[in-house]
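Throughout, numbering of the chain's residues begins at 1 and tracks the sequence. Remember, it's 1-based here, ligands and their atoms both numbered in the order they're listed.
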Amino acid sequence: MAMQKSPQTVLITGASSGIGQGIAIAFGQQGANVIINYFGDEEGARYTLDQVQKGGGNGIIYQADVSQEDQVIQMFKAAVDEFKTLDVVVNNAGIQKDNEFADMTLEQWNKVISTNLTGYFLCSRESIKLFDQKPATGAEGTARGNILFISSVHDIIPWAGHVNYASSKGGILMLLKSLALEVAPKKIRVNGISPGAIATYINDDVWKDEEKRKELLKLIPYRRIGSPEDVAKVAVWLASEDSDYITGTTIYVDGGMTLYPGFVDNG
Ligand code: NAD
């Protein structure tokens, strides 16, 4: 992959673990300045920063709850105070609060929607305001800013027992496309990555259990569980000049999970 011509400044939400941490480290290896947002795990955020620096990047850690408007506004202010500008925002922070639908509490519903969907709205809105202030470069092949949405295969695959989560991810898909359309004339790009099964904390009850792992692999035609690095490599490319003509698109990083795996043996 071509290195960026000049180091980017990148804000990543939920970057103290899992996919967000992997993405932060990958941008660090590109020499980026990385704002590592975390919610409660300061130690995890410090580890991410250490790895970013070891890879040749620079960064800060910043605690904020992405579902809280005032905290998001302060976080973007802190990012600009530190690095003067922002080039890429990766919306990644997400949670699950699973329950059967009839038993799902309003709190479980609201918590997931406010983190996974409203959080993406708030961070994207602050990003657009900042990107909009940047001078138009006039050059071909250079966006004024890039927004990435880490969504999920459950933006298109229904998921019983996880209706709040799937609804939040389905919402992200239309947020992404509508926003991409609105800001494309401003030379701001908005794209998504929808991971399949990636081994992180969010699903460790599945991939750490041999039986459940076997069942999960049946849903993945490529027959392996993904890693945060699988997602991170795509994120770096999607925010680079090499992908400048792409906006409003979602890349499924899922080992074929969205290919109707039940039909793999001729149906
Ligand atoms: P993870 O639990 O390791 O990461 C989620 C991160 O979000 C954590 O660092 C957590 O602290 C942070 N977070 C939670 N609530 C927050 C809040 N209110 N404000 C700020 N940060 C908050 O799990 P992950 O797998 O790395 O998940 C990252 C993203 O990838 C999520 O959006 C998830 O839905 C998505 N995803 C993961 C998988 C997978 O298989 N792991 C598959 C599809 C999509």
Any side-chain donor paired with an acceptor under 3.5 Å for Asn37 and Thr13?
no

Side-chain donor-acceptor pair under 3.5 Å between Glu229 and Ser227, yes or no?
yes

Is a side-chain donor or acceptor of Arg189 paired with a backbone partner of Leu238 at a separation under 3.5 angstrom?
yes

Please assess Glu215 against Lys218 for the test salt bridge (Lys or Arg N to Asp or Glu O under 4.0 Å), listing each intermediate value before the final yes or no.
CA-CA 5 Å; Glu215 285 305 305; Lys218 289 183 192 161; 2.8 Å; yes

Heavy-atom count check: over 12 atoms from other residues, nucleotides or ligands less than 6.0 Å from Lys77 NZ?
no

Residues lining ligand 1 [heavy-atom distance under 4.0 Å, listed by chain and residue number]
Gly14, Ser16, Ser17, Gly18, Ile19, Asn37, Phe39, Ala64, Asp65, Val66, Asn92, Ala93, Gly94, Ile95, Thr115, Tyr120, Ile150, Ser151, Ser152, Tyr165, Lys169, Pro195, Gly196, Ala197, Ile198, Thr200, Tyr201, Ile202, Asn203

Nearest atoms (heavy-atom pairs only) where Asn146 meets Ala239
ND2-O, 3.6 Å

